[in-house]
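Predicted model, so just to flag it, every value in this text is computed and none were measured. In listed order, ligands and their atoms are each counted from 1.
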Amino acid sequence: MNNKTVLITGASSGIGLHFSHKFAQAGHDVVLVARSKDKLQALATELEGEYNVKAHVVPADLAKAGASKSLYEEVTAKGIGVDILINNAGFGLFGEFEQTELQKEVDMIQVNVTALTELSKYFGKDMVKRKTGQILNVASTAAFQPGPLMAVYYATKAYVLSLSEALANEWGEHGVSVMALCPGATKTGFSDAAELEQSKLFQSGVMSVEDVVDEAFKSMMEKKKVVIVPGMKNRLLAGSIRFMPRKMVTNIVRKVQERI
Ligand SMILES: NC(=O)c1ccc[n+]([C@@H]2O[C@H](COP(=O)([O-])OP(=O)(O)OC[C@H]3O[C@@H](n4cnc5c(N)ncnc54)[C@H](OP(=O)(O)O)[C@@H]3O)[C@@H](O)[C@H]2O)c1
């Protein structure tokens, strides 16, 4: 890859923060997006000082309707062309569906699904015109089956996987690659935000964020895979459930999700 400009949503922590370091370290300019303006500004200063790249800060609350359009317009007005889009911002929520807060779930759909779709459309259309570009959508191993006790989150990630595979098919012939990154449980701020710290899922086999981002980065450079599942254990699990009855898989997920 020559010097590119990479827009990363959810750049203020976890997977997005590490992607920002990874791309800047490889000599690429970055556009950092999240709500936490102070964290983004500190990160931009760090990246520019350490790697001699340009780091733009564009704070945005992607749970707000219209935020993606404003983000696209702001970036375009600044004359920034986005070569690589990392749709990473997202969050989950743990709990039984009748007890979880609806507004949180509506916001989750807005961030995980609607904003991701809008940004793929706005920036992806420009990539198709230029006949070059890459989009990485952060889904999850949650995308491969239903998830009792995190029903809406799992459903949002199934959408991300499906959309990414379809766009990869449509846009491959236009020189634009689209990939879905499907990490399993990863050590970031995600489990706190989703109130998952007591869940069995996060008590064992959590991957480091560095390993997840390293694998994803390598796959992106090689441009061979549409679906990236970091970690051998996660790949085996994701592969094996394809051959099991869906109802049985759903029951297993419920057991794994329950608090200890
Ligand atoms: N950690 C895991 O186990 C795991 C596993 C599979 C998939 N994933 C996926 O990986 C992605 C990144 O999560 P993470 O694990 O890195 O969690 P994280 O550390 O909590 O980071 C989430 C990022 O999303 C941003 N964000 C959240 N709501 C936003 C909003 N309304 N507008 C703009 N930005 C928003 C946050 O920034 P601000 O708070 O500053 O806005 C933060 O930068 C998510 O899509 C998640 O579903 C995570």
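- Residue G14 approaches ligand 1 through these ligand atoms, each under 4.0 Å from one of its heavy atoms: 16 (O), 19 (O).
- Taking the six-membered ring wherever Trp is involved, the centroid distance between the rings of F91 and F190 does not fall below 6.0 Å.
- Between the side chains of Y159 and T117, at least one donor-acceptor pair of N or O atoms lies under 3.5 Å.
- Judged purely by distance below 3.5 Å, without hydrogens or angles, the side chains of T9 and N88 never pair a donor atom with an acceptor atom.
- Not a single N or O atom of S140, backbone or side chain, sits closer than 3.5 Å to an N or O atom of ligand 1.
- Under 4.0 angstrom from ligand 1, the non-hydrogen atoms of A139 all belong to its backbone.
- At least one heavy atom of K157 lies less than 4.0 angstrom from ligand 1.
- Protein heavy atom in closest approach to atom 43 (O) of ligand 1: S12 OG, 2.8 Å.
- For the residue pair T100 and E105, a side-chain donor N or O sits within less than 3.5 Å of a side-chain acceptor on the partner.
- For NZ of K218, the number of neighbouring non-hydrogen atoms (other residues, nucleotides, ligands) closer than 6.0 Å is 12 at most.
- Nearest non-hydrogen protein atom to atom 16 (O) of ligand 1 is I15 N, 2.8 Å.
- Protein heavy atom nearest atom 13 (O) of ligand 1, with residue, atom name and distance: G90 O, 4.3 Å.
- Looking at heavy atoms from C-beta onward, K233 lies out of side-chain contact with L236 at the 4.5 angstrom threshold.
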Next on the checklist: Please determine whether side chain to side chain donor-acceptor pair (under 3.5 Å) holds for the pair D29 and Y51, giving the CA-CA distance in whole Å, both sets of side-chain angles, and the decisive distance to 0.1 Å.
Outcome noted: CA-CA 10 Å; D29 294 340; Y51 305 117; over 6 Å; no
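- For atom 33 (C) of ligand 1, the closest non-hydrogen atom of the protein is A60 O, 3.3 Å.
- Distances from ligand 1 to the non-hydrogen atoms of A185 include at least one value under 4.0 Å.
- Side-chain contact check for M179 versus V226: every heavy-atom pair is 4.5 Å or farther apart.
- Surrounding NZ of K255 are at most 12 heavy atoms belonging to other residues, nucleotides or ligands under 6.0 Å away.
- The option from Y153, F91, F19 that lies nearest to atom 47 (O) of ligand 1, judged by heavy atoms, is Y153.
- The distance from ligand 1 to the heavy atoms of P183 drops below 4.0 Å at these ligand atoms: 5 (C), 6 (C), 7 (C).
- The shortest contact between atom 14 (P) of ligand 1 and any protein heavy atom is with T188 OG1, 3.4 Å.
- For atom 23 (C) of ligand 1, the closest heavy atom belonging to the protein is G10 CA, 3.7 Å.
- Among K187, M207, R35, K64, the residue whose heavy atom sits closest to atom 41 (O) of ligand 1 is R35.
- Counting heavy atoms from C-beta on, the side chains of L85 and M127 come closer than 4.5 Å.
- Some N or O of L62 is nearer than 3.5 Å to an N or O of ligand 1, by distance alone.
- Atom 4 (C) of ligand 1 has G184 O, 4.1 Å as its closest protein atom, hydrogens excluded (heavy atom only).
- Two different hydrophobic clusters hold F144 and L237 under the rule that ILVMFWY side chains link at heavy-atom gaps under 4.5 Å.
- Using a 4.0 Å cutoff on heavy atoms, A115 does not count as a contact of ligand 1.
- Residue contacts with ligand 1: A142 is excluded, as none of its non-hydrogen atoms falls under 4.0 Å.
- Residue N88 holds the heavy atom nearest to atom 44 (C) of ligand 1 of all those in L32, V138, N88.
- Inter-residue side-chain proximity for V30 and L47 is flagged as met; some heavy-atom pair is nearer than 4.5 Å.
- The closest side-chain heavy-atom distance from K37 to S12 is not below 4.5 Å.
- The residue among S13, A89, A34, A67 with a heavy atom at the shortest distance from atom 19 (O) of ligand 1 is S13.
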Item to check | Criterion side-chain contact (heavy atoms from CB on, under 4.5 Å) on L116 and V160, from CA distance to verdict | outcome: CA-CA 8 Å; L116 178 142; V160 173; 4.0 Å; yes
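- Distance from atom 3 (O) of ligand 1 to its nearest protein heavy atom, with residue and atom name: T186 N, 2.8 Å.
- With ligand atoms numbered from 1 in the order given, ligand 1 contributes 38 (P), 39 (O), 40 (O) to contacts under 4.0 Å with heavy atoms of S36.
- For ligand 1, the atoms closer than 4.0 angstrom to any heavy atom of A63 are 31 (N).
- Ligand 1 has V111 within reach: a non-hydrogen atom of the residue lies less than 4.0 Å from it.
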